[in-house]
There are 2 protein chains.
Amino acid sequence: MTETPAIDSLFAATCVHPSPEDPAVEALVTAIIAQVADKWTLLVLEELTEGGVLRFGEIGRRVEGISQKMLTKTLRDMERIGLVSRTVHPVVPPHVDYALTNLGRSLGAAFCGVWTWAAENRERIEAAKAAFEERENARR
Amino acid sequence: MTETPAIDSLFAATCVHPSPEDPAVEALVTAIIAQVADKWTLLVLEELTEGGVLRFGEIGRRVEGISQKMLTKTLRDMERIGLVSRTVHPVVPPHVDYALTNLGRSLGAAFCGVWTWAAENRERIEAAKAAFEERENARR
DNA sequence: ATCCATACTTACCTGAAGGAGAGTGTGCGA
DNA sequence: TCGCACACTCTCCTTCAGGTAAGTATGGAT
């Protein structure tokens, strides 16, 4: 399992998360995380972080595999909680711009840690998976 | 919308995420995040962070609302990618201990940023939601 | 007159997630 | 001898996320 202690120094911050506050707040925070830690939300967040102001169609083309329906829903949900701003230009072929708000940008920054974690530990995870399979096969 | 600039100073780190590397790695990282950013995984991670070594039943009692089936699956998946270790004591009423590995702890630390973000911006999000509703109602 | 571009909305449909609840092995206490 | 404790495992069944496809409004280009 090679529990390399080096990893601990990289992520020394023991935050055990801040709030023993009250359970209602905890539930809300959990709900927020659940909404925010969604595949499409993450991908759209990334594209808007990189691309700045983008139109509906542009995002759709950048986020591979997303359907119009999900793009609409994702964008609407992100707008609802204040992650993106939506600007409608009332011209004839509709023109709508999307951009991150400060809140959205701060979420991107917060998720950066997870992103980095995933990138840095990818090989470790692959190894763990392989080891797990091996143990399973050995067991039967 | 009150785009308070204060928030920017709190999350100044502009990480735009590290890897333009290659798309295969990117896909893997996305997959890892998708697996890891799961409701039950997050909750179990939290309990194990707080509780240290826990038994199956203990976790089940702590994570409110989880079914045995999902607890088994979540734990197994976390074990697969090396986040938790599983120790079986071959005694007669089965006794199995679960604990975070170093990798699991580091994930907790990485997610701490998101957790903090959610806690700190809860009110802002509530406000955004309310404002969104209002705009919607006004629109019709 | 027709068709296209754009950003949706709506209806329909399918596979997959996940809950409820019963079944399993086994040694020990009543 | 019965039933319980614990950690699953299996089956059945419902819900729902999400894909496909078609519809909408409208001015300008062909």
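The shown structure was predicted, so the numbers you read here are calculated from the model rather than taken from an experiment.
- Where B:G57 and A:G65 meet DNA chain D, the nucleotide closest to each residue was compared, and B:G57 sits on the side nearer the 5' end.
- Between the CZ atom of B:F56 and the P atom of D:dC6 there is a distance of 12 Å, rounded to whole Å.
- For the pair A:R55 and B:S67, nearest-nucleotide mapping onto DNA chain C gives the more 5' position to A:R55.
- Here D:dA17 presents its P atom at 15 Å from CG of B:D38, a figure rounded to the nearest Å.
- Atoms CE (B:M70) and P (D:dA7) sit 19 Å apart, rounded to a whole Å.
- Summarising the geometry, the separation between NZ on B:K39 and P on D:dC16 is reported as 12 Å, rounded to the nearest angstrom.
- Atom CG of B:L75 is separated from atom P of D:dC8 by 7 Å (rounded to the nearest Å).
- Ionic pairing of B:E79 and A:R135 is present here: one or more N-O contacts between side-chain nitrogen and carboxylate oxygen are shorter than 4.0 angstrom.
- In this structure, NZ of B:K69 is placed 16 Å from P of C:dA22, rounded to the nearest angstrom.
- If you take OG on B:S85 and CG on B:L103, they are separated by 11.5 Å, rounding to the nearest 0.5 Å.
- Taking the charged nitrogens against the carboxylate oxygens, B:R80 and A:E133 do have a contact shorter than 4.0 Å, which makes a salt bridge.
- In this structure, of D:dT26, C:dC8, C:dG18, it is C:dC8 that holds the atom nearest to the side chain of A:Y98.
- When heavy atoms are screened at a 4.0 angstrom cut-off, B:T72 is found touching base atoms of the nucleic acid.
- Considering only side-chain N and O atoms, A:R86 lies nowhere under 4.0 angstrom from the phosphate OP1 or OP2 of C:dA7.
- A:D97 and A:H95 make their closest contact through OD1-NE2, 3.3 Å (heavy atoms, listed as atom of the first residue, atom of the second, distance).
- Nearest nucleotide to the side chain of B:R76, out of D:dC8, C:dT26, D:dT26: D:dC8.
- Across all their heavy atoms, B:L43 and B:V63 have their closest contact at CB-CG1, 4.0 Å.
- What separates NE2 of A:H89 from C1' of D:dT26 is a distance of 18 Å, to the nearest Å.
- Among C:dT6, C:dG25, C:dC8, the nucleotide with an atom closest to any side-chain atom of B:P94 is C:dG25.
- Of the candidates D:dG19, D:dG27, D:dC8, D:dC8 carries the atom nearest the B:Q68 side chain, counting heavy atoms from C-beta on.
- Considering only the side chain of B:P93, D:dA5 comes nearest among D:dA5, C:dA7, D:dA7.
- In this structure, A:W40 places its CH2 atom 10 Å from C1' of D:dG18, rounding to the nearest Å.
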